Structure formats: structure tokens, C-alpha cells
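Ligands are counted one by one from 1 in listed order, and the atoms in each one are counted from 1 as well. The structure presented is a predicted model; accordingly, all values stated were derived computationally and were not measured.
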Amino acid sequence: MTAARDSSERYSPERQSSERYSRVAIWLHWTIALLVILNLAVGLLHDSVPALRAWMGAHKALGMTVLVLSVARLAWRLANRPPPLPALMPAWEKGLAHAAHAVLYVMMIGMPLTGWLMVSGSAKRGPFNWFGLFDIPYLPVSTATGHFGHEAHEILGWMMLALVVAHSAAALRHHLLLRDEILARMAPAFARKKNAL
Ligand code: HEM
Ligand code: HEM
């Protein structure tokens, strides 16, 4: 049937309720999201809020955790394709979502890597361990590379903040304005009842 469909039919719950990310992908998404948001807050505020400076050891340890979880997540993603976006979603919107997700993956790996470069190339290296449980090795890099890591970490940090805000706003737009099942694909608790309109 080729008749025009209105937006409620396009995104109807019946068409999508079973199309969710896997449990592993959902667990990794929300764990990484929480750690990234914490790290963005501590990183951006530690200069102006002195109490947060004591958190920088945790910032580094959580950041390295994000690196490991993000590599695991990418591997899982390559082995388990996520459910396709709704067939009738406009092509531009699908393209934008895929591009935003790809850049988020680059940042989830790029932020920890540039932080690692920064502390490895620093003239005065501080302690670098995972919550006091074991030491994390420094990378064998020059101070110039450390300086590059520092600059990149700061620029990428602001870009990541902007993209996370846009990504979250897009998810909320789908849930609250378009009233479709996109958020529920990643947060099943928000699934709408089958017959609710
Ligand atoms: C630092 C925070 C976050 C990061 C790094 C992040 C990253 C990502 C990435 C990389 C994907 C693509 C998954 C894939 O297809 O492999 C994704 C999907 C998704 N995210 Fe996030 N996310 C974050 C926060 C949030 C928040 C706060 C929300 C909700 C308000 C949200 C809602 C979603 C939804 C609904 C999807 C699935 C979209 C779809 O069905 O294609 N995310 N996220
Ligand atoms: C998800 C991972 C991470 C995120 C989102 C993140 C975010 C940020 C942000 C936004 C800043 C403030 C940048 C500035 O204004 O100068 C910052 C600072 C910093 N980050 Fe990270 N970071 C992460 C991982 C790491 C890792 C793995 C390390 C080290 C191994 C690290 C070490 C640092 C240090 C030392 C600073 C302070 C730089 C300064 O005072 O100039 N970060 N981080």
C-alpha cells in the first residue's frame, strides 16, 4: 500500500516494539553515558570548583574505563547489528543519526586516548592508577605529543559536550514530541503500551 501515512503510523509502536538494542548494547550505552557525563563535568569544572581537583585521579581512572568499555562496545556492535531505524524515517534524519553516532564513538575512544597522551607526555608525571588497585602504564611519548594530547583533549571535550546535548535532545524529541519508540530501543522502560495512542 502506497498511500501517504501520517507520523503516528510511521512510528507506530506495533511496528517497532520488538526492535530493541541487545541487553549488552543497552548496558554498555548507559554505563558509558554515565561515566562520560561524570568525566565531562569533573573535567570542565575542576578549574573553577577547587573541591573537584581531588577527583582528577578518579577522572583518569574512569576515563580509562570508558576506553576499555568503548572498545568492547564497538566490537559488540560490529558482531551484532542493531535494529534498523524505522523504514519510513526520512533519509536525512537516518543519515544525521548515523553520523552523530559515529562521531560519538570516535569521541568515546578519542577522549581517553588524548587524556592518556597528555599525562604520558607531561613533564611532571603524577600517580596513574586504577582507583589504587593497579598502576596503569604511561605511553612512551614526547612532551610535544603530550602537549598535542592536552590541546586535543580540551577541544574534543567541548565538542563532545555539544554533541551529547544534541544527541540527548534528539532522543527526547522522539519520545516527547514525535511520541515514537526510538528512545525505547535504548531504554525499554520508556516503551509505550501497545494500544496507547
Ligand atoms: C555521554 C552520553 C552518551 C553517549 C556517549 C551516547 C552514545 C550513543 C551512541 C554511540 C549510540 C549509537 C548506538 C549504536 O547504534 O551503536 C547511541 C544511541 C542512542 N542513545 Fe546515546 N549516548 C549518550 C547519552 C544518551 C542520553 C542521555 C540519551 C537519552 C536521553 C541517549 C539516547 C540514545 C538512544 C535512544 C539511542 C538509540 C538511537 C537509535 O535507535 O538508533 N543517549 N548513543
Ligand atoms: C571519557 C573520557 C574523558 C572525558 C569525557 C574527559 C573530559 C575532560 C574535559 C572536558 C576536560 C577539561 C579540558 C580543559 O578544559 O582543559 C578534562 C581535563 C583533564 N583530563 Fe580528561 N576526560 C576523559 C578521560 C581522561 C583520561 C583517560 C585522562 C588521563 C589518563 C584524563 C586526564 C585529564 C586531565 C589531567 C585533565 C586536566 C587538564 C588541565 O587541567 O588542563 N582525562 N577532561
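- Ligand 1 has Arg73 within reach: a non-hydrogen atom of the residue lies less than 4.0 Å from it.
- The nearest heavy-atom contact from the protein to atom 28 (C) of ligand 1 is Trp30 CH2, 3.5 Å.
- Ranking protein heavy atoms by distance to atom 7 (C) of ligand 1, first place goes to Leu104 CD1, 3.6 Å.
- Heavy atoms of Val164 come nearer than 4.0 angstrom to ligand 1 in at least one pair.
- Among protein heavy atoms, the minimum distance from atom 38 (C) of ligand 1 is reached at His101 CE1, 3.8 Å.
- Note on ligand 2: Met107 sits outside its first shell, no heavy atom being nearer than 4.0 Å.
- Residue nearest to atom 36 (C) of ligand 2, selected from Met56, Met160, Met64: Met56 (by heavy-atom distance).
- Of the listed residues (Val103, Asp180, Val36, Leu35), the one carrying the non-hydrogen atom nearest atom 1 (C) of ligand 1 is Val36.
- Neither side chain, His98 nor Glu93, offers a donor N or O lying under 3.5 Å from an acceptor on the other.
- Across the listed options Ala33, Ser70, Ala170, Ser168, Ala33 owns the non-hydrogen atom lying nearest to atom 3 (C) of ligand 1.
- In this structure, His150 has a heavy atom closer than 4.0 Å to ligand 2.
- Among protein heavy atoms, atom 26 (C) of ligand 2 sits closest to Gly115 CA, 4.0 Å.
- Taking 2.8 Å as the threshold, His29 counts as a candidate ligand of atom 21 (Fe) of ligand 1, since one of its N, O or S atoms lies below it.
- Nearest residue to atom 12 (C) of ligand 2 from Gly43, Gly157, Gly110 is Gly43 (criterion: closest heavy atom).
- Counting protein heavy atoms only, atom 37 (C) of ligand 1 is closest to Tyr21 CE1, 3.6 Å.
- By the 3.5 Å distance cut-off applied to N or O atoms, His59 is counted among the residues near ligand 2.
- For atom 31 (C) of ligand 1, the nearest non-hydrogen atom from the set Met89, His175, Met186, His167 belongs to His167.
- Residue His153 has at least one nitrogen or oxygen atom sitting less than 3.5 Å from a nitrogen or oxygen atom of ligand 2, judged on distance alone.
- Considering only non-hydrogen protein atoms, atom 5 (C) of ligand 1 sits nearest to Met108 SD, 3.8 Å.
- Leu40 and Leu161 make their closest contact through CD1-CA, 4.1 Å (heavy atoms, listed as atom of the first residue, atom of the second, distance).
- His46 NE2, 3.0 Å is the protein heavy atom nearest to atom 40 (O) of ligand 2.
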